[in-house]
Amino acid sequence: MIKSNTLKALLASAAVFAVSESALASEWGSFDGVTVEAKLIGGQQYEGLYGRIADWEAATGAKVEIISKKSHFEIDKEIKSDMAAGTTSWCVGSNHSSFAPQYEGLYVDLNGLVAAETIAEFVPGNIGASTVGGELLMLPRAQFDVSVLYYLKSNYEDADKSAAFKTEYGYDLAVPDTWDQVKDQAIFFSDPPNFYGTQYAGKDEAIVGRFYEMVVAEGGNYLDADKKPIFNSEAGQRALQWFVDLYEAKAVPAGTTSYVWDDLGQGFASGTIALNLDWPGWAGFFNDPESSKAAGNVGVVVQPMGSVTRTGWSGHHGFSVTNDCANKEAAVSLVKFLTSEESQLAESAGGSLPTRSAVWKANVAAAQAGDDPFRAESLAAFAKGAEFAFAVPAIPEWGETTNIVYPELQAAILGDKTVKEALDDAAEAVDELMRESGYY
Amino acid sequence: MTRRRLPEWFLLLLPAIIVIAAVVLIPLIFSLYSSFTPYKLTRPSTLWTWVGTYNYEKILTDAKFWTAFGRTVLFLTIALNLEMLLGLGIALMVNKVTWGQRTLRTVVMFPMMFSPILVGFQFKFIFNDNIGLVNNALQSMGFNVALPWLVDGKLAMFSILFAEVWMSTSVFAILILAGLFAIPRDPLEAAKVDGCTPFQSFRHITLPFLMPFIYIAMTIRSLDVARAYDIVQIMTGGGPARRTELLWTLMSRTGYVDARMGLANAMGYVSIILSVVFTIYFFRKLTAARAQIGMEG
């Protein structure tokens with residue numbers, strides 16, 4: 001009898017404890033004993049957020065097992081292999097707006113699982129880019145990417161240079177506001193092989209994205225509403241001609257056609273590039289004397305205009321929940337936690353751009369009130385740049401089209417083909433792909 | 001009452017047959033089958049759609065594929081011959097060394113111990129047009145140039161070949177060295193007595209004895225040279241503008257990046273022709289070389 005009383009008392013106290021725990025955990029739910037398997041993108045700039053996972057584990061009683069952590073391209077290959085092999089019972093996956101449409105049927109539609117008011121707290125454009133065929137496939141994390149123009153300030157502080165530029169081009173030398181000015185100045189500043197006016201990504205998806213944003217800036221588009229390629233239009237030809245002209249004038253390094261993001265970032269940081277359209281993640285790196293010879297000499301402005309508009313090819317990272325996940329509720333809770341306001345504030349403190357409206361406001365306000373004018377300048381430029389952001393077409397074939405298009409762009413840049421030939425050949429091949437894929 | 005029994009030889013071979021079927025035959029049949037489907041990794045259900053020879057027709061009429069095919073043949077021919085000549089030279093020299101030969105043999109083998117990925121990164125840096133070692137050396141010697149090593153079609157192929165030859169010459173060197181050790185001394189001494197010049201001895205005695213080893217090395221390397229995929233992928237990725245596109249970069253991009261495994265497998269089967277032709281050619285040469293030194297049969 002005594003024994004059973006003791007047992008009852010123990011059970012009662014355990015229940016009281018559990019209730020108070022669940023009150024604490026109510027925001028994220030309680031998932032005692034649940035293990036959530038996750039495949040996450042790895043890399044220095046992404047790790048900070050994963051440190052917060054322990055807080056979620058403490059609040060919910062669940063455990064997160066990171067079963068894979070790789071670069072985005074590697075994790076993309078792994079996920080495709082998982083889909084082919086049917087091994088998709090893990091729960092949470094890192095995702096990206098450019099990759100998401102490829103994973104047909106892998107991830108759940110979060111619309112029914114996340115409250116509408118939570119979704120409304122994100123920047124609408126980011127939610128749009130996370131939605132494929134009406135399904136919200138991921139919640140965006142504070143890793144939003146759009147490019148703005150970084151430049152070396154010293155080039156605009158030299159009276160002789162300004163006078164020489166004015167004589168040659170007939171207008172005042174100032175930080176460029178249009179892509180034509182970028183071209184003039186890049187050619188003017190260049191002194192190969194020691195110093196180059198600008199540079200651009202020259203292969204893979206990177207150059208196609210850059211070309212795409214230029215096409216839009218010139219008033220054209222990549223695909224039409226039926227997903228038919230239209231980038232070989234007049235606007236497309238003007239866009240590609242810009243790349244070709246810079247290459248022919250030796251205003252970009254000869255190896256630019258083999259450069260992607262790391263090469264470009266290191267190039268600008270070496271202080272040998274005057275103007276550089278680049279991503280937000282580099283801002284701190286460029287202005288850090290430890291890593292950059294350009295530190296203290298870096299200015300940041302909104303991306304220049306084409307003949308029609310400013311544009312910014314953009315993308316963002318996010319987290320998705322698989323359809324095969326055994327405990328979707330726990331997985332959704334983890335995704336909500338990793339993309340929450342607190343998480344975004346913490347992650348964007350490292351310099352990345354948020355995807356929640358409130359966090360944008362808080363960051364801009366904090367930068368303006370703070371004592372780091374460079375941070376305030378760059379954040380203001382990115383806030384402005386984000387207004388012109390667009391996401392790539394949400395179709396699984398986007399990546400494949402870039403693999404068709406980029407060698408043709410390179411062929412035009414290197415002079416193997418004319419701009420028109422290259423774009424027509426690329427459009428023909430993309431057209432065939434779209435037909436095969438059943439779009440028309 | 002007699003029970004039908006499987007023949008003993010078959011029973012004894014059965015484990016081997018099962019293992020080979022599991023690791024070779026089934027994947028081979030599966031990939032052959034998938035080359036007749038529009039199989040996409042991201043849409044597993046496409047594996048069950050039969051499209052007949054569509055993928056093959058697409059490849060046979062695809063100029064990009066055939067350009068890559070031709071370039072691969074050229075790459076193989078130049079790389080294998082260069083590696084053979086350099087390997088022969090190294091082996092002959094190492095063979096002359098009397099002191100520290102073992103250490104030297106180990107040193108010769110260093111390049112083949114590196115992972116091809118590392119070799120790719122190493123030469124990508126060496127040939128970088130802006131910060132690379134070669135251009136910096138040229139500039140410090142007074143040439144104010146920045147040669148686009150990995151951009152210009154010919155220079156890029158040269159750079160890749162250089163990396164490949166650097167990594168794999170030692171395979172030839174070691175195999176040929178083994179051949180040199182196996183040469184009987186009598187004919188060489190007889191030649192000396194008969195007053196042959198060193199070149200004549202090499203041309204008429206050493207070389208014929210070495211030919212079987214050379215052809216075996218050639219056969220192994222022609223099948224194994226696809227390891228250069230890593231080097232090409234890292235140094236140029238087949239670009240720019242497909243100037244260094246080889247079958248391997250094309251197939252891996254089609255299969256893994258574009259996820260079109262059906263098409264990539266079809267490309268694989270067409271390009272097997274290449275391996276088969278090279279192998280048959282080298283085996284014929286091997287038989288002929290063995291016949292010449294009286295080793296046939």
Side-chain angles (χ1 to χ4, degrees), chain A residues 73 76-77 79-86 101-106 192-194 196 199 202-205 207 247 250 253-260 263 266-267 270 272-273 396-397 399-404 406-417 422 425 429 432-433 436-437, chain B residues 34 38-47 51 54-55 58 62-64 67 124-125 127-132 135-136 138-139 143-153 155-156 159 234-245 249-250 252-261 263:
Chain A
F73 291 99
D76 171 59
K77 282 182 196 157
I79 290 172
K80 284 173 182 165
S81 304
D82 278 349
M83 289 176 74
Q102 297 181 84
Y103 311 133
E104 279 173 75
L106 176 63
N194 305 313
Y196 293 95
Q199 57 181 355
K203 65 175 183 179
D204 302 337
E205 185 199 14
I207 186 178
Y247 195 84
K250 296 192 178 359
T256 204
T257 48
S258 62
Y259 292 178
V260 278
D263 310 277
Q266 296 291 351
S270 72
T272 59
I273 304 288
E397 291 79 10
E400 206 173 333
T401 71
T402 67
N403 281 330
I404 293 172
Y406 89 78
E408 301 296 343
L409 299 181
Q410 291 178 326
I413 290 168
L414 297 172
D416 292 356
K417 289 184 181 178
D425 288 353
E432 189 187 333
L433 169 69
E436 274 179 16
S437 307
Chain B
S34 74
Y39 182 37
K40 275 199 92 157
L41 289 180
T42 49
R43 286 184 202 162
S45 61
T46 49
L47 185 57
V51 291
Y54 179 80
N55 287 331
K58 198 174 159 76
D62 184 2
K64 286 167 207 153
T67 315
K124 187 183 180 185
F125 168 69
F127 287 114
N128 182 297
D129 61 294
N130 197 13
I131 53 166
N135 274 355
N136 272 321
L138 287 174
Q139 282 162 16
F143 301 98
N144 194 24
V145 289
L147 287 179
W149 289 103
L150 299 177
V151 175
D152 180 89
L155 288 178
S159 308
I234 284 167
M235 287 178 72
T236 65
R242 300 196 185 91
R243 286 171 174 186
T244 56
E245 184 90 293
T249 50
L250 183 66
S252 76
R253 193 170 333 109
T254 309
Y256 288 103
V257 183
D258 295 345
R260 305 178 79 168
M261 207 37 104
L263 185 62

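Naming: A, B, ... by sequence-line order, numbering from 1 per chain.
Summarising the geometry, atom NZ belonging to A/K77 is positioned 7.0 Å from atom OG belonging to B/S252; distances are rounded to the nearest 0.5 Å. In this structure, B/L41 CG and A/Q102 CD are separated by 10.5 Å, a value rounded to the nearest 0.5 Å. In this structure, B/D258 CG and A/T402 OG1 are separated by 7.5 Å, a value rounded to the nearest 0.5 Å. One finds the OH atom of A/Y259 at 5.0 Å from the CG atom of B/N128 (value rounded to the nearest 0.5 Å).
A/I404 approaches B/R242 most closely through the heavy-atom pair O-NH2, 3.7 Å. Nearest heavy-atom pair, A/K203 versus B/T236, reported as atom, atom and distance to 0.1 Å: NZ-O, 4.4 Å. The two residues A/E408 and B/K64 come nearest to each other via the heavy atoms OE2-CE, 4.2 Å. Minimum heavy-atom separation, A/G255 to B/V151: CA-CG2, 3.5 Å. Heavy-atom minimum distance, A/Y406 versus B/G237: OH-O, 4.2 Å.
Only the side chain of A/E436 comes within contact range of chain B, with at least one heavy atom under 4.5 Å from a heavy atom of that chain. Interface remark: B/F127 contributes no atoms to any contact with chain A (heavy atom separation under 4.5 Å). At a 4.5 Å heavy-atom cutoff, the contact between B/P44 and chain A is made by side-chain atoms alone. Of the atoms belonging to B/Q139, it is side-chain heavy atoms, and not backbone ones, that fall under 4.5 Å from chain A.
Under the rule for a side chain to side chain donor-acceptor pair (under 3.5 Å), the partners of A/T272 that lie at least two apart in sequence or sit in another chain are A/S270. With sequence neighbours excluded, no residue forms a salt bridge (charged side-chain N to carboxylate O under 4.0 Å, His left out) with B/D129.
Most heavy-atom pairs under 4.5 Å with chain B: of the set A/A412, A/A422, A/P407, this distinction falls to A/P407.
Side chains of B/K40 and A/E400 form a contact here, defined as non-hydrogen atoms less than 4.5 Å apart. Counting heavy atoms from C-beta on, the side chains of A/L433 and B/R260 come closer than 4.5 Å. Within the 4.5 Å cutoff, side-chain heavy atoms of B/R43 are placed close to those of A/P396.
The number of heavy-atom neighbours closer than 6.0 Å to CZ of B/F125, taken from other residues, nucleotides and ligands shown, is above 12. Remark: A/K250 NZ is loosely packed, at most 12 non-hydrogen atoms of other residues, nucleotides or ligands lying under 6.0 Å away.
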